Amino acid sequence: MLRYFTAGETHGKCLTVIIEGAPAGFEVSLDKINAALSRRQRGYGRGGRMQIEKDSAEILSGVRGGVTLGSPIAMTIKNRDWENWQAVMGTEAANGERAVEFPRPGHADLAGGMKYDHHDLRNVLERASARETAARVAAGALVRQFMEPYGVELKSRVVSIGTVTDTADTAAPDLWERAAVSPVGFADAAAERAAMEYIDNIKVRGESCGGVVETVIFGLPAGLGSYAQYDRKLDARLAAAVMSVQAIKGVEIGLGFEAARRCGSEVHDEIVYDNGYRRLTNRAGGIEGGMTNGEPVVIRAAMKPIPTLYNPLHTVSVKDRREHSASVERSDVCAVPACAVVVEAAAAFEIANAFTDKFGGDCRADIDAAYHAYMERISNY
Ligand code: EPS
């Protein structure tokens, strides 16, 4: 089983991720990991922090000569901002400055303070911050490389920002390429301009905004995941992985909630045989009965607006319960394009987990043999 853990505070020294269960014998490119990290930093509407950081990962263990060893892989991403926070965030001595007293509605501040008995809510926000997602992006960008030799590819884009929806034709061959270079992750140029204007407008009002992101996974054979037990269902695992991303409030596979409004014939995908079993549509989003069905896996996730508002909401002090406006920390007006990269990484990890579960988790030679034998067998089915 592939697992990962992250550690690190947003203004601490660094983020750390440890990946356990990685198979041996796979080449890993640090450039690909760093490219994903830099994609996560981009996007129209991001705040001042991204001007400070230039995220890059260092691999500390589990890889030798660019090839995985089968041992735990540790990576670290430095926080450049640490330089400005050492006195506040030092692990040996901390000066107590920049204490946070006024919990932000929508953030982990209040419940986290009550749960862990923190009276300086900085102790909560430092870890709850979406800065942690940089470590997850590094993990996802590493493990997806185990599936590249088998033609598995992940793409992501932004579907909507606030009330503005991308109007691009989703069948366009350059959809993903255009979305990848857009400052808002859209493929249509007019919709892109409208989204940027929308972000400008809400920024003036001291607001933040959310949006919907989409990740599609191409090249997966039928049969990853299982219907046999609830916790082996791939859609359940993907939903949990994506829902665990900061600020995600909803996850859909394929039609998602829309399926509930349609009749059966408008939901299910008819089966044909054309050099393999295929579907005339992909409304299921590539998963039936908790398993991949050979069509692309389509995941959509809804991100809520970031809770830090420059025009802050009403709250109360956790020191003396007096009424006050919520704390204002430097933040982003819109982080939806970054969220698309994070959701892609979270999905990549779960897919790699299902892939190695199906084809073996020890080494590339075993995975190669199992993969090709399986593909041969199902091609004769
Ligand atoms: C983020 C880093 C954070 C925030 C943001 C995401 O840095 P800082 O707090 O120093 O500005 O910009 O996190 C949040 C908005 C949040 O609410 O957690 C990052 O690296 O993505």
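Since the structure is predicted, the reported quantities are computational estimates derived from the model, not experimental observations. In each ligand, atom 1 is the first atom listed, and ligand 1 is the first ligand listed.
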Near ligand 1 (heavy atom, under 4.0 angstrom), the protein residues are T10, H11, R40, R46, R49, M50, H107, S129, A130, R131, I306, R330, S331, D332
Set of residues satisfying side chain to side chain donor-acceptor pair (under 3.5 Å) with respect to N353, sequence neighbours excluded = E350
With E101, which residues qualify under side chain to side chain donor-acceptor pair (under 3.5 Å), at least two apart?
-> S317, R322
OH of Y273: more than 12 outside heavy atoms within 6.0 angstrom?
-> yes
Could I get the full list of side-chain contact (heavy atoms from CB on, under 4.5 Å) partners for D362, not counting sequence neighbours?
-> D366
Classify the ring geometry between H324 and F102 as parallel (under 30°), tilted (30 to 60°) or perpendicular (over 60°).
-> parallel
May I ask you to decide if E214's main-chain N or O and S156's side chain share a donor-acceptor pair within less than 3.5 Å?
-> no
